[in-house]
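These notes are about the structure you will find just below.
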Amino acid sequence: MTAADNSPAAILAAEAEAEAGAPGGPAGAVGPRGRGPRARNTTAYLTYVAGKLGGALVSMFAVLLTSFFLFRLIPGDPVKQMTGGRRVSSEQLAAMRAEFGLDDPVWKQFTDYCGNVLTGDFGTSYQFHTPVLDKITDALGPTLWLTGAAYVLYTVIGIWLGTRTAWRNGSLGDRFHTGLALTLYSVPSFWLGLLLIITFSVGVGPLPGLFPTGGMESGDETGVAYVVDVAHHMILPVLTLVAVGYAQTLLVMRSSLLDEMGSDYLTTARAKGLRDDLVRRRHAVPNALLPTVTLMFVNLGQVVAGAILVETVFSWPGLGSLFYQALSVPDLPLVQGLFFVFATAVILMNTVADVVYPLLDPRVGR
């Protein structure tokens, strides 16, 4: 199949010929059912999807390898860490290692780990003595509240400001927002979070502390007061995530729209007498959104992964903070389980983006 056979003009011509019974013969004589440009496009898309799904499976197996072997390079004996510094006999340490399977050969530990993961069993946490999956489930809610709220805000703000700055390229507003976005995108999120704590939680000079320094709740509220209390605790960590996330979205959206603004179809639309705002909304922005859509799916995967540094700085009881606690032991089953969940969420969202992208842009996947 050549590129000409797969072009929109060739597809339309073949369909018109089939429907009208034109030079190729009557509609029923086009050939066996299921053949033709549309069928070839469907086959190409399914082949493309199968390749992406296969790549996702390979990536997830690589994550299993990495999550198992990488964290065993962390210095420290998890069994000794669990004793809390108390004097324990070598027999007791050996019994604990046998209990957690740490005395088995590495290859057996890995095969057992892979088999358990396939059944949803990530093992038992060394420090909490509860199933890893239960700890992940408990911490998932706070993470989704925090990063989910930030995701919605910075996506909307980033797309809106990215569109406006690109359409007014070179204006004072464009230079200001682009410079601010570049600055915020370069700032480490934990450092920005610490600055916000110092400024708005501790207070600077005459400015009093307005927000809690950390945590998710005060612990003594119920009903509507509880919701307000949680929202009060969320303001600074959400602001930190939004400041970094919107900057990335704005820069991608602005760059993509600037590439579209010189296209011939926009000149044609203006020549037809369309207003400038209609040219932007109906023609330029939909095409410029394609790279931003990919970024949105990638960021959506990171919503589940949470924000490890931000949650740690603000003592937010989510997956990121739990991951930091597990690394400090090291709590191998909990670290492995969290790493697998984080990586799987990102891989799945990347795969979804790859599958959806050809539906938005037919040039992809051919």
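Excluded from the calculations below are hydrogen atoms, water molecules and symmetry mates; all remaining heavy atoms, backbone and side chain alike, are included.
Applying the salt bridge (charged side-chain N to carboxylate O under 4.0 Å, His left out) definition to pairs two or more places apart or across chains, those involving residues 164-179 are D174-R254.
Take F110 and apply the ring-ring contact (aromatic ring centres under 6.0 Å, His included) test, not counting sequence neighbours, and it matches F68, F69. Legend: residues meeting side chain to side chain contact (heavy atoms under 4.5 Å, CB included) with A288, ordered by chain and number and at least two apart, are M253, S256, L257, E260. Annotation: side chain to side chain contact (heavy atoms under 4.5 Å, CB included) contacts of D134 (sequence neighbours excluded): P131. The side chain to side chain contact (heavy atoms under 4.5 Å, CB included) check on V313 picks up F190, L194, I197, with sequence neighbours excluded. Residues passing the ring-ring contact (aromatic ring centres under 6.0 Å, His included) test with Y151 are Y154, sequence neighbours excluded. Residues satisfying the ring-ring contact (aromatic ring centres under 6.0 Å, His included) criterion with F128, sequence neighbours excluded, are absent altogether. Under the ring-ring contact (aromatic ring centres under 6.0 Å, His included) criterion, F122 pairs with F340, not counting sequence neighbours.
Rounding to the nearest 0.5 Å gives a distance of 12.0 Å between CG of N116 and CG of L133.
The heavy-atom pair separating A56 from T351 by the smallest distance is CB-OG1, 3.3 Å. Residues L184 and A247 share a closest heavy-atom pair of CB-CB, 4.2 Å. In terms of heavy-atom proximity, T155 sits nearest to T249 at O-CG2, 4.1 Å.
Just one of V238, L236, L146 meets the side chain to side chain contact (heavy atoms under 4.5 Å, CB included) condition when paired with F314; it is L236.
The aromatic ring centroids of F323 and F339 lie 6.0 Å or more from each other.
Tracing side-chain contacts under 4.5 Å through hydrophobic residues (I, L, V, M, F, W, Y), one reaches L290 starting from L300; they form part of the same cluster.
Its side chain outside the 4.5 Å cluster rule for every partner, W107 clusters with none of the Ile, Leu, Val, Met, Phe, Trp and Tyr residues. Clustering of Ile, Leu, Val, Met, Phe, Trp and Tyr by side-chain heavy atoms under 4.5 Å joins V227 with none of the others. The hydrophobic cluster around V228 extends to V224, counting ILVMFWY residues whose side-chain heavy atoms fall within less than 4.5 Å of a member.
T124 contributes no side-chain N or O that, together with a main-chain N or O of T130, makes up a donor-acceptor pair within less than 3.5 Å.
Classification of the H232-F211 ring pair by plane angle, with boundaries at 30° and 60°, yields tilted.
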Let me check something: any side-chain donor-acceptor pairs from residues 315-322 under 3.5 Å, sequence neighbours excluded? List them with distances.
residue : atom : partner : partner atom : Å
W316    : NE1  : P142    : O            : 2.9

